[in-house]
Amino acid sequence: MEITFYLAAAVAIVSTILVITRYNLIHALLYLVVSFLAISVIFFVLGAPFMAALEIIIYAGAIVVLIIFVIMMLNLTHEDVQHEKEWLKPGIWIGPAILSFVLLGELFYIFTAADSPSYQGQPVEAKAVGLSLFGPYILGVELSGMLLMAGIVGAYHLGRQKRKVIHRFLEGAEG
C-alpha cells in the first residue's frame, strides 16, 4: 500500500510543478485539478476518506466552477473562440488525462487489493472534522473564506473591461 502513497505523491508533485510552469491559465487549472485529486488519494491511503471526499468536492469542484467563472467573466471575441477550439487538441489535455488515469488505477488497486486496510491510522469521522472546523480551527476557516473571496474579487477585477477615458479637448479631434 506504500507504493500507492508514493505514486500519488509523485503525481501531486509533477502536476503542481506543471501548474506553476504553464503560461495558459486553463492548462494550469487542469493540472491543479489533477493535483487536488492526487492529494485526495493520499488522504484516502492515509485513512481519511472523509477528507478525501472533501478535497474532491470542495477544491476540485471549486476549481471547475472557477474555470466556468473565468470563461463567463472574460469578454470572449472571435479570436478567443478559436483559442478555445485549440484547447480541445490532444496535446493540451493528454498530460492531465494520463496523470488522472494513474490516479484512477491506484484507486482501482486500492479497492480490489486483498489487504486493502493496510494503513495503521484511525479513520476520521465527519462529526469530528465538523467539530474541529467550527471549534479550535474556526480562525483558519474564516481566513480561508476571506482568501477565496479575495481571489474571486481579483479575478473579476482582472477580467472586467476597462473604459477608455479621453480628455474632453481630444473628444472632438477623434470624432
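Keep in mind the model is a prediction, meaning the values are calculated, not measured. Residue numbers run from 1 in the order of the sequence given.
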In the single-linkage hydrophobic clustering (I, L, V, M, F, W, Y; side-chain heavy atoms under 4.5 Å), do [X] and [Y] co-cluster?
X      : Y      : result
Leu30  : Ile39  : no
Ile152 : Val141 : no
Leu104 : Val11  : no
Val102 : Phe5   : yes
Ile58  : Phe134 : yes

If we only count heavy atoms from C-beta on, is the [X] to [Y] side-chain gap below 4.5 Å?
X      : Y      : value
Leu99  : Tyr31  : yes
Thr4   : Val41  : no
Leu143 : Leu139 : yes
Phe36  : Ile56  : no

**OP:** Supply the atom-to-atom distance Leu18 CG to Leu32 CG, rounded to the nearest 0.5 angstrom.
**Re:**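 The CG atom of Leu18 sits 11.5 Å away from the CG atom of Leu32.
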Original post:
To the nearest 0.5 Å, what is the distance between OG1 (Thr21) and NE2 (His27)?
Top reply: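 It comes to 12.0 Å.
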**OP:** Grab the two heavy atoms, one from Gly140 and one from Ser144, that are nearest each other, plus how far apart they are.
**Re:**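 That closest heavy-atom pairing would be O-OG, 2.5 Å.
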**OP:** Give the minimum heavy-atom separation between Val34 and Pro96, together with the two atoms involved.
**Re:**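 Minimum heavy-atom contact is CG2-O, 3.7 Å.
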**OP:** For Thr16 and Ala12, indicate whether the former's side chain and the latter's backbone hold a donor-acceptor pair under 3.5 Å.
**Re:**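 Between the backbone of Ala12 and the side chain of Thr16 there is a qualifying donor-acceptor contact (under 3.5 Å).
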Subject >> Main-chain N/O of Ala8 paired with Glu106 side-chain donor or acceptor, under 3.5 Å >> reply: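 Side chain of Glu106 to backbone of Ala8: a pair is present.
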**OP:** Might you work through the side chain to side chain contact (heavy atoms under 4.5 Å, CB included) test for Ile138 and Leu133, ending with a clear yes or no?
**Re:** CA-CA 6 Å; Ile138 188 72; Leu133 288 178; over 6 Å; no
